[in-house]
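The shown structure was predicted, so the numbers you read here are calculated from the model rather than taken from an experiment.
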Amino acid sequence: MSLTNSILCLFEITDPNLIVTGISKERCSTNQRIHVVHATLSYQLLKCPHCGHKSLIKNGTHMSHLRLGTLSGGRYEMHLKRQRYQCKDCSKTCGAKTKLVNRNETFTHNIKHQVIVLARDMLTSKEIAKLCGISPSSVQRILNANIHLAYRVKHLPENLCFDEFRSCNHWMSFNCCDAVSHRRIVTLKDRLSKDIIDYFEARFSVQERAQVQSVTIDMNAEYGSFIHRLFPNAATIIDRFHIIQLAGRALDNERTQTIRTIQDKHSRIYHILKSQWRLFHLDEIKVNDSKAVYLRGINEYMTQQNAIDLALDAFPRFRSVYQTYQGIWVYTFWYW
């Protein structure tokens with residue numbers, strides 16, 4: 001097998017008009033070493049694509065820098081000399097074309113295919129860019145151009161989850177998924193109630209939306225204002241993570257208020273409440289009550305349960321808040 005056929009088969013290039021003239025290693029403007037495949041593209045063009053006359057003559061070459069798919073994580077390019085032609089009748093020029101790449105693009109179909117395959121394996125844009133030797137923004141452009149989202153799912157699940165996330169440029173976007181399988185239903189570019197309502201009402205009939213049994217949301221009050229309108233038979237459920245988060249904030253507020261009432265800033269109780277705040281967020285089952293450990297901030301050896309008891313015995317109000325927090329924790333994570 002010739003050198004040309006070997007290199008073309010290695011990159012899965014099937015264009016018979018391509019002829020490889022050599023390979024080399026060079027450095028780009030960012031001082032990155034790249035592997036370069038030098039090739040020429042030439043064939044006999046019968047007629048002018050502009051006027052249709054058969055009066056074409058060769059008119060030099062044009063160098064194109066194409067990005068090839070990676071073989072070992074490095075950057076591979078093809079410096080392709082394309083034959084140029086000029087028409088004697090209309091004086092217009094044209095060039096040789098190849099199916100290796102789209103018009104006015106430098107990324108070949110090979111590297112685009114690699115990006116899509118890696119994206120299906122749930123890799124991030126930065127990881128794909130590092131493996132393919134391109135920039136993360138180029139990865140995102142390839143995905144946006146080649147992956148087309150469905151207009152709607154075939155069947156609306158009985159249990160849905162609503163949430164928002166920070167997408168790009170600090171914008172908040174809306175996300176809806178199946179509460180059981182965690183499969184994405186839709187992702188909208190913003191979280192406005194109007195856009196969410198328009199999406200579900202335009203794509204799903206009243207009978208389909210009436211089959212939804214529950215919608216799990218966070219503490220966002222906007223969702224609760226239109227859920228019954230979209231899903232008349234659905235029950236609104238607050239996510240237990242946000243319930244624990246709200247209870248934890250209340251516990252921290254009470255702890256800070258208790259610290260401010262302590263006059264002696266060097267006392268043991270003050271240091272326990274100040275530095276060992278994580279102990280009060282632990283589940284009671286996970287608190288160590290048998291092995292003494294060194295607690296930084298207190299600078300003493302004691303069990304975690306002993307440190308908690310010292311703070312709770314000194315402040316009965318804080319004990320009541322702590323017991324309420326533990327009760328919410330046990331109920332949400334053990335009985336749900």
Give me the other members of the hydrophobic cluster that [X] sits in, counting Ile, Leu, Val, Met, Phe, Trp and Tyr linked by side-chain heavy atoms under 4.5 Å, directly or via other members.
| X | answer |
| --- | --- |
| Met63 | none |
| Val36 | Ile34 |
| Tyr294 | Tyr301 |

Please name the pair of heavy atoms, one in [X] and one in [Y], separated by the smallest distance, quoted to 0.1 Å.
| X | Y | value |
| --- | --- | --- |
| Thr21 | Ala39 | OG1-N, 4.0 Å |
| Ser173 | Lys189 | OG-O, 3.1 Å |
| Ile13 | Leu68 | CD1-CD2, 4.3 Å |
| Leu279 | Ile308 | O-CD1, 3.7 Å |

Do [X] and [Y] have side-chain heavy atoms sitting under 4.5 Å apart?
| X | Y | value |
| --- | --- | --- |
| Lys112 | Asn102 | yes |
| Trp277 | Arg255 | yes |
| Met302 | Leu295 | yes |
| Leu143 | Asn146 | no |
| Val20 | His38 | no |

Common cluster, [X]/[Y], ILVMFWY with side-chain heavy-atom separation under 4.5 Å:
| X | Y | result |
| --- | --- | --- |
| Leu188 | Phe226 | yes |
| Leu160 | Val180 | no |
| Met172 | Ile197 | no |
| Ile238 | Phe231 | yes |

Establish, from distance only, whether the side-chain atoms of [X] and [Y] form a donor-acceptor pair under 3.5 Å.
| X | Y | value |
| --- | --- | --- |
| Thr93 | Asn59 | no |
| Ser55 | Asp89 | no |
| Ser42 | Thr40 | no |
| Glu222 | Ser193 | yes |

Spell out, as yes or no, whether a donor-acceptor pair under 3.5 Å connects the side chain of [X] to the backbone of [Y].
| X | Y | answer |
| --- | --- | --- |
| Asn288 | Ser290 | yes |
| Glu254 | Val321 | no |
| Tyr43 | Lys97 | yes |
| Gln323 | Ser320 | no |
| Gln326 | Leu282 | yes |

**Residue pairs fulfilling side chain to side chain donor-acceptor pair (under 3.5 Å) with at least one residue in residues 257-271, sequence neighbours excluded** =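 Only Arg268-Glu300 qualify under side chain to side chain donor-acceptor pair (under 3.5 Å).
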Which residues share a ring pair (Phe, Tyr, Trp, His ring centres under 6.0 Å) with [X], sequence neighbours left out:
| X | answer |
| --- | --- |
| His65 | His79 |
| His228 | none |
| Tyr76 | Phe11, His35 |
| Tyr325 | His281 |

**Prompt:** Is the Tyr223 ring parallel, tilted or perpendicular to the Phe174 ring (thresholds 30°, 60°)?
**Reply:**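 The arrangement is perpendicular - the two ring planes meet at more than 60°.
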**Request:** Assess whether salt bridge (charged side-chain N to carboxylate O under 4.0 Å, His left out) is satisfied between Arg319 and Asp313, documenting all intermediate values.
**Result:** CA-CA 7 Å; Arg319 172 190 287 273; Asp313 293 341; 2.3 Å; yes
**Request:** Give the C-alpha distance, both sets of side-chain angles, the deciding distance and a yes or no for side chain to side chain donor-acceptor pair (under 3.5 Å) between Thr216 and Asp239.
**Result:** CA-CA 6 Å; Thr216 304; Asp239 184 13; over 6 Å; no
**Request:** Determine which pairs satisfy salt bridge (charged side-chain N to carboxylate O under 4.0 Å, His left out) with at least one residue from residues 45-71, sequence neighbours left out, and list them in order.
**Result:**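 Salt bridge (charged side-chain N to carboxylate O under 4.0 Å, His left out) check on residues 45-71 returns no pairs.
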**Request:** Can you run down the salt bridge (charged side-chain N to carboxylate O under 4.0 Å, His left out) pairs that involve residues 195-210, sequence neighbours left out, and say none if there aren't any?
**Result:**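 Found Arg152-Glu208, Lys194-Asp198, Glu201-Arg229.
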**Request:** Quick one: list whatever passes salt bridge (charged side-chain N to carboxylate O under 4.0 Å, His left out) with Glu26, sequence neighbours left out.
**Result:**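 Counting only residues at least two positions away or on another chain, Glu26 forms no salt bridge (charged side-chain N to carboxylate O under 4.0 Å, His left out).
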**Item:** Listed partners of Asp15 passing salt bridge (charged side-chain N to carboxylate O under 4.0 Å, His left out), at least two apart
**Value:**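 With neighbours one apart ignored, the set is empty.
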**Prompt:** Step by step, would you call Thr187 with Asn175 a side chain to side chain donor-acceptor pair (under 3.5 Å)?
**Reply:** CA-CA 5 Å; Thr187 299; Asn175 182 52; 3.2 Å; yes
